[in-house]
Amino acid sequence: TGGNGTGRGLVGGCWAQLRPAAPAPPPGNYRTQLWDKQSESFLPSTPGLGMHVEVKDPDGKVVLSRQYGSEGRFTFTSHTPGEHQICLHSNSTRMALFAGGKLRVHLDIQVGEHTNNYPEIAAKDKLTELQLRARQLLDQVEQIQKEQNYQRYREERFRMTSESTNQRVLWWSIAQTIILILTGIWQMRHLKSFFEAKKLV
């Protein structure tokens, strides 16, 4: 997956990514471009700019918090399936440049078998073309299994949410019924007292 964003007076930006848990860290690449007022275009690079990358898992636990340059590559290991928050913040002392300006951030996150550099793997392990193809197929099967496990996880979460919602609706219905019965009893007693008082008069 990939994405980019442009911020005016940028302080930072966050992106959310849904992905299953994976033992292999998914690499992320980013690049920043600062708006140049004179040329009225984005500069090819932004030297001297510092970017802080922070990644949180669905439980809000920080799995990566590190300082990088204006462009770089980062990795993080995902142990929990669900929505991961990826935030990039600038803590550069050159914030005066951002006053009224814009900063463009290009972010690319690779997941699954796309994270493997197969030509490099083939050269390192001295694999034949057939062996490399078999390796690719095994990685694809493993990724499919991870996706299936993630779908089962989502179905389980959905079932638990549905059961919780149904239980709340049931208890709310019971509470409404009890309130109606108590209201009816109170009205009957009130009317009875009213008629009895009228007869006494």
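Computed from a predicted structure; not experimentally measured. Along the sequence shown, residues carry numbers from 1.
With rounding to the nearest 0.5 Å, the separation of CZ in Arg73 from CG in Asn29 is 5.0 Å. The structure places NZ of Lys56 at 6.5 Å from SG of Cys87, a figure rounded to the nearest 0.5 Å. Here the straight-line distance linking atom OG1 of Thr165 with atom CZ of Phe158 works out to 8.5 Å at 0.5 Å rounding. Separation of atoms CE (Met51) and OG1 (Thr32) is listed at 6.0 Å; rounding is to 0.5 Å. Atom OG1 of residue Thr75 and atom CZ of residue Arg66 lie 8.0 Å apart, to the nearest 0.5 angstrom. Glu54 contributes atom CD, which lies 5.0 Å from atom OG of Ser65 (distance to the nearest 0.5 angstrom).
Side-chain atoms of Asp59 do not come within 3.5 Å of backbone N or O of Lys61 as any donor-acceptor pair.
What you find for Gln131 and Thr128 is that their closest heavy atoms are OE1-N, 3.0 Å. The two residues Gln67 and His52 make their nearest non-hydrogen contact at OE1-CB, 3.6 Å.
The local environment of CZ in Arg159 is crowded, with over 12 non-hydrogen atoms from other residues, nucleotides or ligands closer than 6.0 Å.
The side chain to side chain donor-acceptor pair (under 3.5 Å) test applied to Glu40 returns no partner, not counting sequence neighbours. With sequence neighbours left out, Arg152 forms a side chain to side chain donor-acceptor pair (under 3.5 Å) with Asn149. Every residue two or more places apart in sequence or in another chain that forms a side-chain contact (heavy atoms from CB on, under 4.5 Å) with Leu137 is listed here: Arg133, Gln140. For Gln33, the side chain to side chain donor-acceptor pair (under 3.5 Å) partners at least two apart in sequence or on another chain are His106. Partners of Tyr68 under the side chain to side chain donor-acceptor pair (under 3.5 Å) rule, at least two apart in sequence or in another chain, do not exist in this structure.
The side chain to side chain donor-acceptor pair (under 3.5 Å) with Tyr153 is formed by just one residue from the set Arg157, Glu155, Gln151, Glu156; it is Arg157.
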Before you tell me yes or no, could you show the steps for Ile86 and Tyr30 under side chain to side chain contact (heavy atoms under 4.5 Å, CB included), namely the whole-Å CA-CA distance, both residues' side-chain angles and the distance that decides it to 0.1 Å?
CA-CA 11 Å; Ile86 304 170; Tyr30 73 91; over 6 Å; no

Evaluate side chain to side chain contact (heavy atoms under 4.5 Å, CB included) for Val53 paired with Leu64, printing each intermediate quantity in order.
CA-CA 7 Å; Val53 180; Leu64 174 67; 4.1 Å; yes

Can you give each donor-acceptor pair under 3.5 Å made by side-chain atoms of residues 172-192, sequence neighbours left out, with the distance rounded to 0.1 Å?
{"residue": "Ser173", "atom": "OG", "partner": "Val169", "partner atom": "O", "Å": "2.9"}
{"residue": "Thr177", "atom": "OG1", "partner": "Ser173", "partner atom": "O", "Å": "2.9"}
{"residue": "Thr183", "atom": "OG1", "partner": "Ile179", "partner atom": "O", "Å": "2.7"}

